[in-house]
Amino acid sequence: MKLSLKRLFGRSMTGGLDLAEAPPPPSPRSAARKTALVSLALVLAIIGALAGGYYFAMRPVTLRIAVGPANSDDVKVVQTLTQGFAQHKSQVRLRPIQTDSAIASASALADGKVDLAIVRGDLEVPKNAQAVATLRKNVVVLWSVPAKGKKKGAKITKIAQLAGHRIGVVGRTQANVNLLKVILQQYGVDSAKVEIVQFPANEVADAIKAQKADVYLAAGPVNSKITADAIAASIKEGGTPTFLEIDSADAIAQNHPVYEASEIPAGTYGGSPARPEDEVKTISFSHHIVARKGVSETTIAAFTRQLFAVRQQLVTEFPLAAKIETPDTDKDAVIPVHPGAAAFVDGEEKTFLDKYSDYIWWGLMALSAMGSIGAWFAGYLKKDERDNNNHLRDRLLDMIAAARKCETTEELDQMQTEADDILRDTLRCYDHGAIEEGALTAFNIALDQFHSAVADRKALLMSLPQNLQRAGAQFRAAGNA
């Protein structure tokens, strides 16, 4: 349509020559083409923004996790999870940060140096820590070893008999010593009246052989190899270990919520007769995976989902992974649960669209509003050009009436030259988008009327004798004078 109109308007009013034949200067892109390019650019920008947002939201995130001490079960579990996440190309990856102890791990989390940490539930938990999962539960095992030779004395069967005796604590952590003191306090045994000696796990067998303690305490999973080896060492020395029952476990748990009443099943440590022969009541505490409070809810939800998905696949090659449990989501939990972990446990985890649909919707609305405002502003900037063109169209209509009254062909030629200028300006306005195609059609009608009026007037003037034309011109000149 546009090209046909240009061809129609391209002819000259002055000599019947086609103005299009003269090479005109290159005109600017048409408004329609500009609009199409702008629209395409806008669509591509929206698609790029959505793709960038999706990539940003779904890109792999690496979380630093503090765990220690070296060679502990916690370190082995975290290393296995790290490898499992990497092999499955999970959204969340782990970078273990090894520490000297669970206390050091908790401090690293409190200082914001890591995103996750493995902490003992019976130690002070950082205020910025929120539970993600229970890594495992440790039970307390207390057993006495019969003395031999000169040290032989009364058999120890109850915790209340520990005053005046030496107690060996397996492991170098102060937390186990604090745990022992909690138990002694419950039974009214003054910790100052017992001698507490700590042994590294690899020195327990030698300590038992040298009778360095009368009673031993170990804390670890029910099937802990360290505890099992220590009890086996007690048997090799010719005695039968006696397991000391913590029958006040419920009271301890009531007074210290970080502990729970638990049991050691009969025969846990094998042997014939079974060790222990009967179920032994004790207390337990948990090792937790905690997250820093500021870590994204979405990230922790994804981590928790991956954790329990990988756990099922790792159980066969790493049985300790089976000990991982979901966190306590109750409001009165000792360690408050992280909202991301709670969303996974409660089945309320949000998808990408659930989380960002409102932002996408409002973004599209904002872009639409900006487009409308931009279109209005562009039209406002072209208001003067459009008004000027309207004046030129009115001038063309006035020229139609004037052409019908012209007395000479010279005047008609001048009008045709002016009409050519109006035509060029109108086409330029159309190219700039100042006028629409409807206005161009109206101008075409006016131009046709002007062309017809000029042609009719020229034909009439050419049919008159030359003397009448000169007389008319002189009469008109006299009247103007």
Side-chain angles (χ1 to χ4, degrees), residues 61-86 90 92-140 171-176 178-179 201 218-226 258-260 284-295 299-300 303-304 306-308 310-311 314-315 318-328 333-338 340-341 344:
V61 178
T62 300
L63 298 178
R64 298 161 299 170
I65 179 169
V67 58
N71 300 321
S72 64
D73 290 338
D74 292 345
V75 171
K76 295 176 183 177
V77 171
V78 170
Q79 289 175 343
T80 303
L81 291 175
T82 302
Q83 295 173 1
F85 287 175
S90 302
V92 177
R93 312 289 175 85
L94 294 179
R95 190 175 73 184
I97 306 296
Q98 190 167 299
T99 60
D100 296 333
S101 63
I103 297 176
S105 298
S107 298
L109 185 79
D111 295 338
K113 296 179 180 179
V114 294
D115 307 300
L116 302 169
I118 308 298
V119 300
R120 279 181 59 152
D122 60 336
L123 296 177
E124 184 178 358
V125 178
K127 294 181 179 180
N128 65 337
Q130 294 180 317
V132 175
T134 299
L135 187 62
R136 59 186 170 90
K137 289 187 176 181
N138 291 345
V139 295
V140 176
R172 288 295 190 183
T173 175
Q174 180 63 30
N176 287 346
N178 297 337
L179 174 58
V222 173
N223 59 349
S224 170
K225 186 176 184 301
I226 295 175
V258 294
Y259 299 113
E260 298 178 13
S284 65
F285 60 91
S286 299
H287 278 217
H288 301 279
I289 301 177
V290 295
R292 186 165 40 82
K293 191 174 182 179
V295 180
T299 301
I300 295 301
F303 168 75
T304 310
Q306 293 173 196
L307 176 66
F308 288 96
V310 173
R311 180 195 65 170
L314 298 179
V315 166
F318 196 75
L320 283 176
K323 305 295 182 181
I324 302 174
E325 300 177 359
T326 57
D328 185 359
V334 177
I335 304 178
V337 66
H338 193 285
F344 169 78

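Given the structure is predicted, the values throughout are model-derived calculations rather than measurements. Computation of the quantities below employed the complete heavy-atom set of this structure, encompassing side-chain atoms and omitting hydrogens, waters and symmetry-equivalent molecules.
Within 6.0 Å of CD1 on Ile226 lie no more than 12 heavy atoms contributed by other residues, nucleotides or ligands. By the neighbour-count criterion of 12 heavy atoms within 6.0 Å, atom CG of Asn178 is densely surrounded, having more than that number from other residues, nucleotides or ligands. Within 6.0 Å of CG in Asp111 there are more than 12 heavy atoms belonging to other residues, nucleotides or ligands. Glu124 CD: 12 or fewer foreign heavy atoms inside a 6.0 Å radius.
Between atom CD of residue Glu325 and atom CG of residue Leu135 there is a gap of 10.0 Å, rounded to the nearest 0.5 Å. Between the CG atom in Leu123 and the CG atom in Leu179 there is a gap of 9.5 Å [rounded to 0.5 Å]. Atom-to-atom distance recorded for Gln174:CD and Ser101:OG is 11.0 Å, nearest 0.5 angstrom. One finds the NZ atom of Lys293 at 11.5 Å from the NZ atom of Lys127 (value rounded to the nearest 0.5 Å). Atom CG of residue Asp100 and atom OG1 of residue Thr173 lie 11.0 Å apart, to the nearest 0.5 angstrom.
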Worksheet item: Where do Val78 and Ile118 land on the side-chain contact (heavy atoms from CB on, under 4.5 Å) test, with the steps shown first?
Response: CA-CA 9 Å; Val78 170; Ile118 308 298; 4.1 Å; yes

Item to complete: Would you please test Thr304 and His338 for side-chain contact (heavy atoms from CB on, under 4.5 Å) and show each step?
Response: CA-CA 10 Å; Thr304 310; His338 193 285; over 6 Å; no

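Counting heavy atoms from C-beta outward, Ile300 and Leu116 have side chains that approach closer than 4.5 Å. Between Thr99 and Ser105 the shortest side-chain heavy-atom distance falls below 4.5 Å. Phe303 places none of its side-chain heavy atoms less than 4.5 Å from the side chain of Val295. No side-chain heavy atom of Val258 sits under 4.5 Å from any side-chain heavy atom of Val125. With contacts defined as side-chain heavy-atom distances shorter than 4.5 Å, the pair Asp74/Arg136 qualifies.
Between the His288 side chain and the Val290 main chain, no donor and acceptor come within less than 3.5 Å of each other. Using modelled atom types, no side-chain atom of Asp122 and backbone atom of Tyr259 make a donor-acceptor pair closer than 3.5 Å. Side chain of Arg292 to main chain of Val114: a donor-acceptor pair is present (N/O by atom type, distance under 3.5 Å, no hydrogens or angles). Using a distance-only test at 3.5 Å, with no hydrogens or angles considered, no donor-acceptor pair links the side chain of His287 to the main chain of Ala102. Of the possible polar contacts, one joining the Gln306 side chain to the Val92 backbone as a donor-acceptor pair under 3.5 Å is found. Using a distance-only test at 3.5 Å, with no hydrogens or angles considered, no donor-acceptor pair links the side chain of Ser90 to the main chain of Ala86. Formation of a donor-acceptor pair under 3.5 Å by the Asn138 side chain with backbone atoms of Phe285 is not found in this model.
Nearest heavy atom pair, residue Ile335 against residue Ala131, reads CG2-N, 3.6 Å. Of all heavy-atom pairs spanning Ile65 and Ala117, the tightest one is CG1-N, 4.1 Å. In plain terms, the two heavy atoms of Asn128 and Ala110 that are nearest each other are OD1-CA, 3.6 Å. Nearest heavy-atom pair across Ser286 and Lys137 is OG-CG, 3.4 Å. Between Val337 and Pro327, the shortest heavy-atom contact is CG2-CG, 3.7 Å. Of all non-hydrogen atoms in Leu307 and Leu81, the two that sit nearest each other are CD1-CD1, 3.5 Å.
Using the six-membered ring where Trp is involved, Phe308 and Phe344 have ring planes that are parallel, under 30° apart on the 30 and 60° scheme.
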